[in-house]
Amino acid sequence: MVTGVGAYLPPDIVTNDDLARIVDTSDAWIYERTGIRSHRQAPSDQPVSELAAAAAREALAAAGRTAADVDLIIVATTTPDNTFPATATIVQRKLEAPVGIAFDVQAVCSGFVYALAVADGFVSRGQSRCALVIGAEVMTRLMDWTDRGTCVLFGDGAGAVVLEPGPDTGSTDDRGILGFSLRADGTKQDLLYVDGGPSTTGTIGKLRMQGNQVFRHAVVNISEAVVAASSAAGVALPEIDWFIPHQANQRILDGVAKRLGIDPCRVISTVAEHANTSAASIPLAMAQGVTDGRIREGDLLLLEAMGGGLTWGAVVLRL
Ligand code: UT7
C-alpha cells in the first residue's frame, strides 16, 4: 500500500508570456489548446536525481520511514543523469539508502504507471518491505526551442510514493494496488520520440511529436486501459473517488473523463501550473491532492497515462 507521497518542483517558473518571447505563440493559444499557464524549469546544473531524491525524502517523511528502511528504488524517467548507471542507483547513493534493488523504468510519460505495477510485483511477492517509486523528469532539456508545437508543453519536476506490504484479504477494501493494465504499440513510435540516443546518433536528441495524432490516440485508448484496470481491480468506475490522469493537456483530461462518465470535480488537474512533466506528472498530482486535503487515506484512486512508445496504462489503487 502507498504509505507516503512526496513532491519536488524546481523554484523557477516559466510563464506562457515568457515562451512567447522565444517562439511565435501566445498565452491565449497555449491556454485554450492545453490549459497550461506556466511550468517549472530546473537550472541546467541540477540533475534529475536531485529532483528525485528531494521528492523521495518528502515521501519517506510522510510514511514515517527513513532511507535506512528502503530496499527497492525504481525511478521512472526519460531524462536520466547519465546513460548509465540507472538514476535509481544515484538516488540510492544520495539518500544513503542501504544496498538493495535499484533500477530505472523507461516508458516515458507512462513511466510512473509502469513503475508502480513493477514495484507491486516485488512488494506482493515479499521481495520488498519498503519501496520508493519515483517519477522524475527534466523534460525542458529535451526541447527544441524553435519548435512551438512542443517547447510550450513540457516542464520539470518529481513525485514519489512509498509502497509497503498492506493487508491482503482479497477485498476491494484492501489498501494497495488493486489492479492495473499496461499497453504498448511500437508501430506508433514516429508520433512521439526523441531523435537521438547513445547507439544511433551518439547525441541526446530533441523531442519530436505529431501532437494532434497523439491527442486522438490518447482519448480513445486510455479509456480502454482504464476499463481493463478497473475490471482487473473488481471495482466499478462510479466507485472511484479521485481520477489522477497524466497531465498532458486539459482537453485530454476532460475528454477521457467525459468518455468514462467521471464527474469533472473528481479529477485532479495540475496541468495549469506544472504543464507536462512526463513520468512525474501523476505523483506530482497525487501529492497535490493529498497536501490540499482532497485525497484521504482509504480513497479509491484511478491513475492513467499515455506517452512515447506509444505506451499507455492505468492503475487502480486504494490509498
Ligand atoms: O505526454 C505525452 C502525450 N502527449 C500528449 O498527449 C500531447 C497531445 N497533443 C496535444 O496536446 C495537442 O495536439 C497540442 C497541444 C500539441 C496541439 O494542439 P492541436 O489543437 O492538436 O493543434 P495542431 O497541432 O493541430 O495545430 C493547430 C495549429 C497549427 O497551425 P495551422 O497549421 O493550422 O496554421 C499549428 O502550427 O496551431 C499551430 N500551433 C501553434 N500556434 C501557436 C502549434 N503550436 C502552436 C503554438 N502557438 N505553441
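We count ligands from 1, going down the list as the structure has it; atoms in each ligand are counted the same way.
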*Asks:* Determine whether any heavy atom of G149 lies closer than 4.0 Å to an atom of ligand 1.
*Replies:*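 It does; at least one heavy atom falls under 4.0 Å.
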
*Asks:* Of all the heavy atoms in Q210, does at least one lie under 4.0 Å from an atom in ligand 1?
*Replies:*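 Per 4.0 Å heavy-atom rule, Q210 does not contact ligand 1.
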
*Asks:* So is V23 touching ligand 1 or not, going by heavy atoms under 4.0 Å?
*Replies:*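 For ligand 1, residue contact (heavy atoms, under 4.0 Å) with V23 is absent.
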
*Asks:* Hey, is L153 one of the residues with a heavy atom under 4.0 angstrom from ligand 1?
*Replies:*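 So L153 counts as touching ligand 1.
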
*Asks:* Distance to 0.1 Å, residue and atom name: give those for the protein heavy atom nearest to atom 47 (N) of ligand 1.
*Replies:*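 So the nearest neighbour among protein heavy atoms is T25 OG1, 2.7 Å.
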
*Asks:* Can you pull out the closest protein heavy atom to atom 26 (O) of ligand 1? Residue, atom name and distance to 0.1 Å, please.
*Replies:*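 Heavy-atom neighbour on the protein nearest atom 26 (O) of ligand 1: R33 NH1, 4.3 Å.
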
*Asks:* Which residue holds the protein heavy atom closest to atom 8 (C) of ligand 1, what is that atom called, and what is the gap in Å?
*Replies:*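 Of the protein heavy atoms, G211 O, 3.6 Å lies nearest.
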
*Asks:* Among all protein heavy atoms, pick out the one at the shortest distance from atom 17 (C) of ligand 1; state its residue, atom name and that distance to 0.1 Å.
*Replies:*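 It is W29 CH2, 4.0 Å.
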
*Asks:* May I ask you to list the atoms of ligand 1 that are less than 4.0 angstrom from any heavy atom of V214?
*Replies:*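 The atoms of ligand 1 under 4.0 Å from a heavy atom of V214 are 3 (C), 4 (N), 5 (C), 6 (O).
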
*Asks:* Please report which non-hydrogen protein atom sits nearest to atom 38 (C) of ligand 1, along with the residue it belongs to and the distance in Å to one decimal place.
*Replies:*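 Result for atom 38 (C) of ligand 1: R148 NH2, 3.7 Å.
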
*Asks:* Looking at atom 25 (O) of ligand 1, what's its closest protein heavy atom, distance included?
*Replies:*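 Result for atom 25 (O) of ligand 1: N212 ND2, 3.2 Å.
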
*Asks:* Would you check whether H246 reaches within less than 4.0 Å of ligand 1, judged by its heavy atoms?
*Replies:*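 Flag set, H246 near ligand 1.
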
